[in-house]
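Below is one structure, written out as structure tokens; the observations come after it.
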Protein chains: 2
Amino acid sequence: MSTPEGKSTRERILAAAAEIIAEEGMTANLSVRAVASRVGISTGSLRHHFPTQQMLRDEVMHRVYDWVLAGTDIRNSAIPARDRLVGCLRQVLAMAGAGAEARTAMNTVTTTFIAVEQTEQVRESYLAMQRDGQRRVEEWLRVLADEGALAETSRIPQLARFLGTVLDGLALERALPGEDSLAQLETETLYVSVDAVLSS
Amino acid sequence: MSTPEGKSTRERILAAAAEIIAEEGMTANLSVRAVASRVGISTGSLRHHFPTQQMLRDEVMHRVYDWVLAGTDIRNSAIPARDRLVGCLRQVLAMAGAGAEARTAMNTVTTTFIAVEQTEQVRESYLAMQRDGQRRVEEWLRVLADEGALAETSRIPQLARFLGTVLDGLALERALPGEDSLAQLETETLYVSVDAVLSS
DNA sequence: ACCTGAACACCGTTCAAGT
DNA sequence: ACCTGAACACCGTTCAAGT
């Protein structure tokens with residue numbers, strides 16, 4: 001894949017896309033021509049490495065998530081399935097921060113995706129992130145399904161979405177003024193959610 | 001606004017957009033040319049009534065939500081308990097608005113409670129709202145418990161909080177850029193949540 | 001005020017042609 | 001296999017011109 005001189009074209013494309021995001025923010029315009037011209041290749045060449053623009057955006061967002069999210073131990077069978085899943089969800093939630101940090105994070109979300117003109121590129125950059133998060137939760141559920149801890153594999157997409165919504169709600173509540181025992185209430189809600197998924 | 005012969009052009013545009021959605025589903029195209037040609041007007045005329053395509057889409061979605069939403073009574077035993085609870089939760093969710101309205105609402109929440117100094121007064125005024133919502137959900141659960149649709153009455157506070165978190169998540173997701181089939185995904189998540197509560 | 005339709009500046013994708 | 005660049009079929013928006 002890689003040439004002696006350096007990165008493969010594929011990697012240079014991803015690097016250029018990451019550059020654009022770094023410069024213009026998460027809502028950056030990752031159009032074929034913008035990325036291709038930055039790499040110094042043609043649109044056709046970009047299409048050769050990423051058959052659709054969606055595939056490029058998804059791959060970029062996947063790496064951003066990988067970079068932010070540390071490895072989660074969903075496969076550690078020494079721990080009960082429900083505790084493992086709660087632990088993984090908690091790691092996602094950790095990105096929301098706590099206290100003032102949580103408020104800053106939610107403010108960023110608002111100013112980036114909500115309090116702006118809802119252009120196609122704002123929408124697409126958010127959806128790429130959203131899909132990546134969804135896919136990650138789905139992977140966790142599939143691991144647990146393989147173990148037999150989760151029966152209805154056909155409902156995995158819906159269940160993952162449900163868990164994603166719970167995480168969105170908890171992240172918002174971390175930013176809002178809260179009761180003092182927030183951590184405990186969070187834990188209870190996470191277990192109610194996870195039990196709902198595992199017993200479905 | 002309306003001509004003697006029938007609907008105003010503005011209404012005919014909205015009707016045409018609704019027609020396209022009815023035919024092609026929530027993922028319908030709703031492009032300027034698609035809507036304009038169905039109405040039988042020019043793109044310029046459409047632009048005159050809806051300065052941006054976003055404004056058209058927001059208005060269409062607002063009407064779709066209004067149409068989907070119906071009043072539900074928690075004590076109406078003609079309807080299954082789970083459907084009644086979902087209906088009530090949906091009414092709460094209706095306050096979050098849809099489209100641009102949902103974004104404005106979430107923006108207000110952010111500027112009022114998150115992006116401000118966390119004084120005792122800010123905290124108290126939010127918690128008053130929060131407790132009110134929580135109490136309302138708890139009352140619904142108590143009604144269902146009296147019917148025998150919910151067994152563990154001692155967990156009602158936790159379960160109500162869980163449902164509140166789901167609603168917070170759904171409200172946030174309404175403000176964030178969303179998939180086209182948001183209404184359906186919302187319904188699925190609400191039923192997963194309600195079933196988790198009623199079978200606990 | 002309401003409407004027309006051409007024009008503009010984008011977009012993603014396809015494809016014959018090169019190396 | 002990798003790359004080029006023109007071409008195609010879209011998109012939303014603007015605007016001089018009509019009624």
Side-chain angles (χ1 to χ4, degrees), chain A residues 1-17 20-21 23-62 116-128 131, chain B residues 1-21 23-61 99-100 103 177-180:
Chain A
M1 285 295 194
S2 62
T3 62
E5 298 98 343
K7 295 171 185 170
S8 65
T9 304
R10 190 189 150 84
E11 285 305 319
R12 287 197 299 138
I13 291 169
L14 289 167
I20 294 174
I21 284 178
E23 284 171 19
E24 301 176 30
M26 281 300 214
T27 66
N29 187 15
L30 290 186
S31 75
V32 215
R33 288 165 185 81
V35 176
S37 90
R38 182 176 285 250
V39 181
I41 58 171
S42 66
T43 63
S45 182
L46 197 154
R47 263 300 141 274
H48 179 258
H49 292 280
F50 295 93
T52 70
Q53 205 63 4
Q54 191 65 258
M55 289 181 187
L56 170 60
R57 282 195 270 254
D58 282 349
E59 178 65 21
V60 169
M61 280 307 142
H62 182 71
V116 292
E117 199 196 346
Q118 299 288 300
T119 62
E120 191 58 27
Q121 66 175 272
V122 165
R123 197 178 123 88
E124 266 312 314
S125 61
Y126 171 74
L127 284 180
R131 274 190 298 265
Chain B
M1 282 297 194
S2 62
T3 61
E5 297 97 343
K7 295 172 187 172
S8 65
T9 304
R10 191 190 149 84
E11 286 304 318
R12 287 198 297 139
I13 291 169
L14 288 167
E19 255 181 57
I20 293 174
I21 285 178
E23 285 171 18
E24 301 176 29
M26 284 299 206
T27 66
N29 197 0
L30 288 197
S31 73
V32 215
R33 290 164 183 81
V35 176
S37 90
R38 183 176 286 248
V39 181
I41 58 172
S42 66
T43 63
S45 183
L46 195 153
R47 264 299 142 275
H48 179 259
H49 292 279
F50 295 93
T52 68
Q53 205 61 7
Q54 190 62 51
M55 288 181 186
L56 170 60
R57 289 199 193 100
D58 282 348
E59 178 64 22
V60 169
M61 286 327 268
R103 290 193 295 278
E179 277 122 74
D180 307 297

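Letters A, B, ... mirror the listed sequences (proteins, then strands); counts begin at 1.
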Check whether any side-chain heavy atom of A/Ile41 lies under 4.5 Å from a side-chain heavy atom of A/His48, and answer yes or no. no
In whole angstroms, how far is the C1' atom of D/dT13 from the CG atom of B/Leu56? 14 Å
Atom pairs and distances, side-chain donor-acceptor, residues 29-37 of chain A, under 3.5 Å, sequence neighbours left out:
{"unit_1": "A/Ser31", "atom_1": "OG", "unit_2": "A/Ala34", "atom_2": "N", "d": "3.1"}
{"unit_1": "A/Ser37", "atom_1": "OG", "unit_2": "A/Arg33", "atom_2": "O", "d": "3.4"}

Quick one, B/Glu11 and B/Leu14 - any side-chain contact, counting heavy atoms below 4.5 Å? yes
Student check: side-chain heavy atoms of A/Arg57 and A/Gln53 closer than 4.5 Å: yes
Check ring pair (Phe, Tyr, Trp, His ring centres under 6.0 Å) between B/Phe50 and all other residues, then give those that pass, not counting sequence neighbours. none
Report yes if a side-chain nitrogen or oxygen of B/Thr9 is closer than 4.0 Å to either non-bridging phosphate oxygen (OP1 or OP2) of C/dC3; otherwise report no. yes
Dump every N/O contact between nucleotides 6-8 of chain C and the protein below 3.5 Å, one line per pair.
none

N/O-N/O pairs, protein side and nucleotides 16-19 of chain C side, under 3.5 Å:
none

Separation of atom CZ in A/Arg10 from atom C1' in D/dA1, rounded to whole Å: 15 Å
Rounded to the nearest 0.5 Å, how far apart are CD of A/Glu59 and CD of A/Gln54? 12.5 Å
Verify the contact: side-chain N or O of A/Asn29 to OP1 or OP2 of C/dC11, cut-off strictly under 4.0 Å; return yes or no. yes
For the NE2 atom of A/His62 and the CG atom of A/Asp58, what is their distance to the nearest 0.5 Å? 10.0 Å
Under 4.0 Å from OP1 or OP2 of D/dG12: is there any side-chain N or O of B/Arg57 that close? yes
Could you tell me whether the phosphate oxygens of D/dT4, OP1 or OP2, come under 4.0 Å of any side-chain nitrogen or oxygen in A/Ser45? yes
For C/dC11 and A/Ser31 - does any side-chain N or O of the residue sit under 4.0 Å from the phosphate oxygens OP1/OP2? yes
Side-chain contact, heavy-atom cut-off 4.5 Å: A/Leu46 with A/Val39? no
Any idea which heavy atoms bring B/Pro177 and A/Arg123 closest together, and the distance? CB-CA, 3.7 Å
Watson-Crick or G-U pairs under 3.5 Å in DNA chain C, rendered as dot-bracket with [ ] for crossing pairs and | for another strand: ||.|||||...|||||.||
Consider side chain to side chain contact (heavy atoms under 4.5 Å, CB included). Of A/His49, A/Arg38, A/Lys7, which one does A/Arg12 pass it with? A/Lys7
Expected list for residues 46-54 of chain A near DNA chain D, using heavy atoms below 4.0 Å, is A/His48, A/His49
